[in-house]
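Reviewing the structure listed below.
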Number of protein chains: 2
Amino acid sequence: MSSRDVPAPVIRRLTIYLRALMFLVDEGQEIISSEELGNKLGISSAQIRKDLSYFGEFGKQGTGYEIRHLREQLKRILKVDREWGIALVGAGDLGHAIVHYEGFKNRGFYIAAIFDKDPQKIGRKIRGLEVLDSRLLPKVVKEMGLKVAIVAVPANEAQKAVDTLVASGIKAILNYAPITLNVPAGVQIRCIDPVTRLQNMTYYL
Amino acid sequence: MSSRDVPAPVIRRLTIYLRALMFLVDEGQEIISSEELGNKLGISSAQIRKDLSYFGEFGKQGTGYEIRHLREQLKRILKVDREWGIALVGAGDLGHAIVHYEGFKNRGFYIAAIFDKDPQKIGRKIRGLEVLDSRLLPKVVKEMGLKVAIVAVPANEAQKAVDTLVASGIKAILNYAPITLNVPAGVQIRCIDPVTRLQNMTYYL
DNA sequence: TAGATTGTTAATCGATTAACAATC
DNA sequence: TAGATTGTTAATCGATTAACAATC
């Protein structure tokens, strides 16, 4: 597939463009130029046009981009013109916060199932969704056909959780444990570690 | 300052190296080569050696790196050989999860003050720390000399929160609102948006 | 010493930027 | 049309990689 060789930084920026376009639609704006969008995001207009050109021609010379149209195109490109069910592993404080997070809505994702191995947590409901025994994970993930997961367990349990998820057919994992995890080729993984982000800033202070 | 022109990707990776070294110290390992560390992190050994060479010579030919020593050096470089107090803005679900987060410990940060504008939340205690009225933020941040903040308020309140923080002397902001925020030069900002990270993965599915 | 691994250089690779013809 | 902005090319810039002398 030719789109495979789109540079990774381009894909990362597309998600930022999409987020901005969603916001602009809410604001009622209909048209935007690469210049104006770039100013809002701190990205050059040339960069934006170049990024978009990997996928097609979405603008109109002399005018700019029709916001709704570009939004739909980016949703399609990023494959969030649908809703992905997420398997959440870990029903602690962080898991709770993730389930209550409002930001998934209309952005392509929803929490489909919650798992934990703590008998104290199994059976409880979070936002109407029952916490399931981790031992049921392979069965449930397969039955529901889930491809996306979030790992919100302690660092020392994270690799095991990831291994189980991968074995159950999960293809994309967002990991909140502050540790580098290994996955086989063909499985996507990203880590959210607030401390590394903070350390990244203190360097510059 | 010459260290200003160290490439940003290098600093990002240093935080990953530091995280791995902390883990290795816990495991009891004492020495590691760039090759072994690279294998663990999915980074080439040449990359690691090059990254470190921006700051000095930390290894020993034929042997590798003394893990504790390299850890201390990275802590110093990233300025986390101290503890930074964090001003947390927003005491909702996410704010709660951040206060209860165990990952800050021994990594250079602690929550120093919590602010919210909701009268329902002001005065309550989270982990022994009282939620303060947001109107007190400038005074408290200045008095405590805080330089680092975390924004955990809704998207529509985030820019205002950031403006107040910057006016109060904050120099580094970790933003959890799913929106691009503007800060003046000299202030660092990073955004944690799980949905953009997820969208980044679904592209490749 | 012999073997191993660093620190660093030079070459390669890839991403960003500037400029402008095309065109709405 | 005249003005504005796109899409794209070529040039620039920057980061990664490979290789190896230095050396523990």
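Chain naming here is simple, since letters A, B, ... match the order of the sequence lines and numbering starts at 1 in each.
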To the nearest 0.5 Å, what is the distance between CD1 (A:I150) and CD1 (A:I170)?
10.5 Å

What residues form a salt bridge (charged side-chain N to carboxylate O under 4.0 Å, His left out) with B:E157, not counting sequence neighbours?
B:K117

So which nucleotide from [options] ends up closest to the side chain of [X]?
X: A:A46; options: D:dT9, C:dA18, D:dA18; answer: C:dA18
X: A:R49; options: C:dT17, C:dC20, D:dT17; answer: C:dC20
X: B:S53; options: D:dG7, C:dT16, C:dG7; answer: C:dG7
X: B:P9; options: C:dT6, C:dT8, D:dT16; answer: D:dT16
X: B:Q61; options: D:dT8, C:dT9, C:dT6; answer: C:dT6
X: B:E57; options: D:dT6, C:dG7, D:dT17; answer: C:dG7
X: B:K60; options: D:dT9, D:dC24, C:dT23; answer: D:dC24

Applying the Watson-Crick and G-U wobble criteria at under 3.5 Å, what pairs with D:dT8? Answer none if nothing qualifies.
C:dA19

D:dC24 pairs with, by Watson-Crick or G-U criteria that keep both distances under 3.5 Å:
C:dG3

Within the structure provided, determine whether [X] and [Y] are in side-chain contact (heavy-atom separation under 4.5 Å).
X: B:F58; Y: B:I77; answer: yes
X: B:R19; Y: B:R107; answer: yes
X: A:E36; Y: A:Q29; answer: yes

Specify the residue among A:S33 and B:Q47 whose closest nucleotide of DNA chain D lies further upstream toward the 5′ end.
A:S33

For the pair made of [atom1] in [X] and [atom2] in [N], what is the distance, rounded to whole Å?
X: B:E36; N: C:dT6; atom1: CD; atom2: P; answer: 10 Å
X: B:I48; N: D:dT16; atom1: CD1; atom2: P; answer: 12 Å
X: B:D51; N: C:dT6; atom1: CG; atom2: P; answer: 13 Å

Criterion side chain to side chain contact (heavy atoms under 4.5 Å, CB included) against A:L74, the qualifying member of A:V80, A:L52, A:T15
A:L52

What parts of residues 69-76 of chain B reach DNA chain C, counting only heavy atoms under 4.0 Å away?
none

For a quick check of understanding: with a heavy-atom distance under 4.0 Å over all strands, which category does A:S45 fall into, base, sugar-phosphate or nothing?
nothing

